[in-house]
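Within every chain, numbering begins at 1; the chains are lettered A, B, ... in the order of the sequence lines, protein sequences first and strands thereafter. When reading the values below, keep in mind they use all heavy atoms of this one structure, side chains included, and skip hydrogens, waters and symmetry mates.
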There are 2 protein chains.
Amino acid sequence: MKEEIVMGLYHPATEDLELPTVLHALSDPQRLHIVRELAVAEEAQPCGRFTVNVSKSTCTHHFRVLREAGVIQQHHLGTAKMNTLRRADIDARFPGLLDAVLAAAPAEPAIA
Amino acid sequence: MKEEIVMGLYHPATEDLELPTVLHALSDPQRLHIVRELAVAEEAQPCGRFTVNVSKSTCTHHFRVLREAGVIQQHHLGTAKMNTLRRADIDARFPGLLDAVLAAAPAEPAIA
DNA sequence: TCGTAAGTACGACGATCATCGTAGCAGATA
DNA sequence: TATCTGCTACGATGATCGTCGTACTTACGA
């Protein structure tokens with residue numbers, strides 16, 4: 001039941017990650033695209049630097065879904081909000097899941 | 001674009017399986033439970049033999065979602081409709097995905 | 001101090017979803 | 001033929017979802 005608050009933002013604890021919630025977070029093409037870009041990034045990325053064809057408010061919505069599902073971690077940095085993939089946490093809770101998702105369909109564009 | 005019709009039921013071809021669709025199909029607790037029961041079954045199972053706490057019509061809906069996503073294959077047998085997991089197809093298209101999903105959260109009940 | 005850049009909050013909208021009950025159909029069985 | 005079993009079709013309903021625009025906040029920089 002432990003929950004972690006990082007810089008005022010809700011993040012579920014690793015042991016509280018739920019499979020249906022994570023799968024649902026990953027079942028949207030836009031969010032899948034964000035996760036894939038995040039997976040190849042070396043460092044934390046601000047929300048604005050993603051190739052997503054939706055409005056800013058929709059983008060905020062998708063990042064919140066990913067964060068509340070435990071897929072990404074967010075923290076403020078100046079006016080920006082930096083995003084990192086919670087790869088170790090997801091691997092610990094659901095071994096192999098993230099690798100399988102990232103290995104699949106890397107060619108699918110975010111046009112949809 | 002090939003599509004396979006098995007006994008009058010639509011089934012997507014292996015190469016047409018889409019990751020978001022499959023993930024969405026697996027993101028429901030009831031359907032996840034069905035898939036898990038199907039994974040440990042030796043043979044094809046009729047729809048009625050699943051421990052699901054929803055009505056019959058809702059059950060029909062969930063099986064259709066799984067079939068149209070390409071997760072299961074269905075065929076009629078008398079009055080029953082038999083279900084099998086398309087494990088080989090999913091493994092071919094998304095290697096490791098099904099294993100990761102099945103390995104995770106095996107203790108989650110279908111009470112929800 | 002003023003402006004700009006990056007995100008958020010807050011509705012709102014149409015679409016999809018999970019659920020149900022009722023009615024009905026197709027095989028199997030008597 | 002009549003009945004039963006297993007499942008589907010067909011709304012209907014309430015909830016959630018993805019999307020948007022507008023207004024707002026906050027931090028940085030000129």
Side-chain angles (χ1 to χ4, degrees), chain A residues 5-11 18 20-35 37-38 43-69 71-84 110-112, chain B residues 5-11 18-35 38 43-69 71-84 110-112:
Chain A
I5 304 294
V6 178
M7 303 285 281
L9 297 168
Y10 169 78
H11 291 77
E18 289 177 9
T21 307
V22 171
L23 291 178
H24 171 255
L26 297 174
S27 72
D28 181 272
Q30 307 289 348
R31 290 193 291 261
L32 206 46
H33 181 67
I34 291 172
V35 168
E37 288 202 1
L38 222 39
E43 299 180 345
Q45 298 292 320
C47 293
R49 201 175 297 174
F50 288 87
T51 321
V52 180
N53 308 335
V54 291
S55 70
K56 272 202 304 180
S57 38
T58 302
C59 208
T60 296
H61 161 72
H62 284 314
F63 277 101
R64 183 175 48 223
V65 171
L66 287 171
R67 172 173 47 81
E68 293 181 349
V71 177
I72 66 172
Q73 177 160 136
Q74 297 187 296
H75 68 275
H76 292 285
L77 187 71
T79 64
K81 183 182 270 183
M82 309 305 288
N83 304 275
T84 53
I111 302 173
Chain B
I5 305 293
V6 177
M7 304 284 281
L9 296 168
Y10 169 78
H11 291 77
E18 289 176 9
L19 185 57
T21 306
V22 171
L23 292 178
H24 172 254
L26 296 174
S27 72
D28 182 272
Q30 307 288 347
R31 291 194 289 261
L32 206 47
H33 182 67
I34 291 172
V35 168
L38 223 39
E43 300 180 346
Q45 298 292 318
C47 294
R49 202 174 298 173
F50 288 87
T51 322
V52 181
N53 310 334
V54 291
S55 71
K56 273 201 301 180
S57 38
T58 302
C59 206
T60 296
H61 160 74
H62 285 313
F63 276 101
R64 182 174 50 224
V65 171
L66 287 171
R67 172 173 47 81
E68 293 180 350
V71 177
I72 66 172
Q73 177 162 135
Q74 297 188 295
H75 67 276
H76 292 286
L77 186 72
T79 65
K81 182 182 270 182
M82 308 305 288
N83 305 275
T84 54
I111 303 175

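Note on A/R49: nothing from the nucleic acid sits closer than 4.0 angstrom, heavy atoms only. If you check every strand for non-hydrogen atoms under 4.0 Å, A/H62 touches sugar and phosphate atoms only.
Of the candidates D/dC17, D/dT19, C/dA6, D/dC17 carries the atom nearest the A/H24 side chain, counting heavy atoms from C-beta on. For A/C47, the side-chain atoms get nearest to C/dG7 when compared with the rest of D/dC17, C/dG7, D/dC7. Candidate nucleotides D/dC20, D/dT19, C/dT19 were compared by shortest atom distance to the side chain of A/S55, and D/dC20 ranks first. In the set D/dA27, D/dG6, C/dT19, the nucleotide with an atom closest to the side chain of A/T79 is D/dA27. Of the candidates C/dC17, D/dC7, C/dG7, the closest approach to any side-chain atom of A/A80 belongs to C/dG7. Nearest nucleotide to the side chain of B/Q30, out of C/dT19, C/dA6, D/dA9: C/dT19.
Listed pair A/R64 / C/dG7 fails the phosphate criterion, with no side-chain N or O lying under 4.0 Å from OP1 or OP2.
Looking at A/S57, its side chain comes within 3.5 Å of the base of D/dG21 through a donor and an acceptor atom. Side-chain to base pairing of A/K81 with C/dG7: no donor and acceptor N or O lie closer than 3.5 Å to each other.
Between A/L66 atom CG and C/dG7 atom P there is a gap of 15 Å when expressed in whole angstrom units. Counting to the nearest Å, the C1' atom of C/dT4 and the NZ atom of A/K56 are 11 Å from each other. Between the P atom of C/dA18 and the CG atom of B/N53 lies a distance of 16 Å, rounded to the nearest Å. In this structure, A/H61 places its NE2 atom 16 Å from C1' of D/dG21, rounding to the nearest Å. For A/L77 and D/dT26, the CG to P distance is 17 Å, given to the nearest whole Å. Protein atom NE2 of A/H76 is 20 Å distant from nucleotide atom P of C/dA5, rounded to whole Å. Distance, A/F50 CZ to C/dA6 C1': 14 Å, rounded to whole Å. Between B/H75 atom NE2 and D/dC7 atom P there is a gap of 12 Å when expressed in whole angstrom units.
Proximity of B/R64 to B/R67: side-chain heavy atoms (C-beta onward) are separated by under 4.5 Å at one or more points. In this structure, B/T84 and B/I72 have side chains that are not in contact, with every pair of non-hydrogen atoms separated by 4.5 Å or more. Residues A/R31 and A/H61 meet the side-chain proximity criterion, which asks for heavy atoms closer than 4.5 Å.
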For a side chain to side chain donor-acceptor pair (under 3.5 Å) check, start with the C-alpha distance between A/S55 and A/T58, then their side-chain angles and the critical distance, and finish with the verdict. CA-CA 5 Å; A/S55 70; A/T58 302; 3.1 Å; yes
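Looking at A/N83 and A/Q74, their side chains do bring a donor and an acceptor atom within 3.5 Å of each other.
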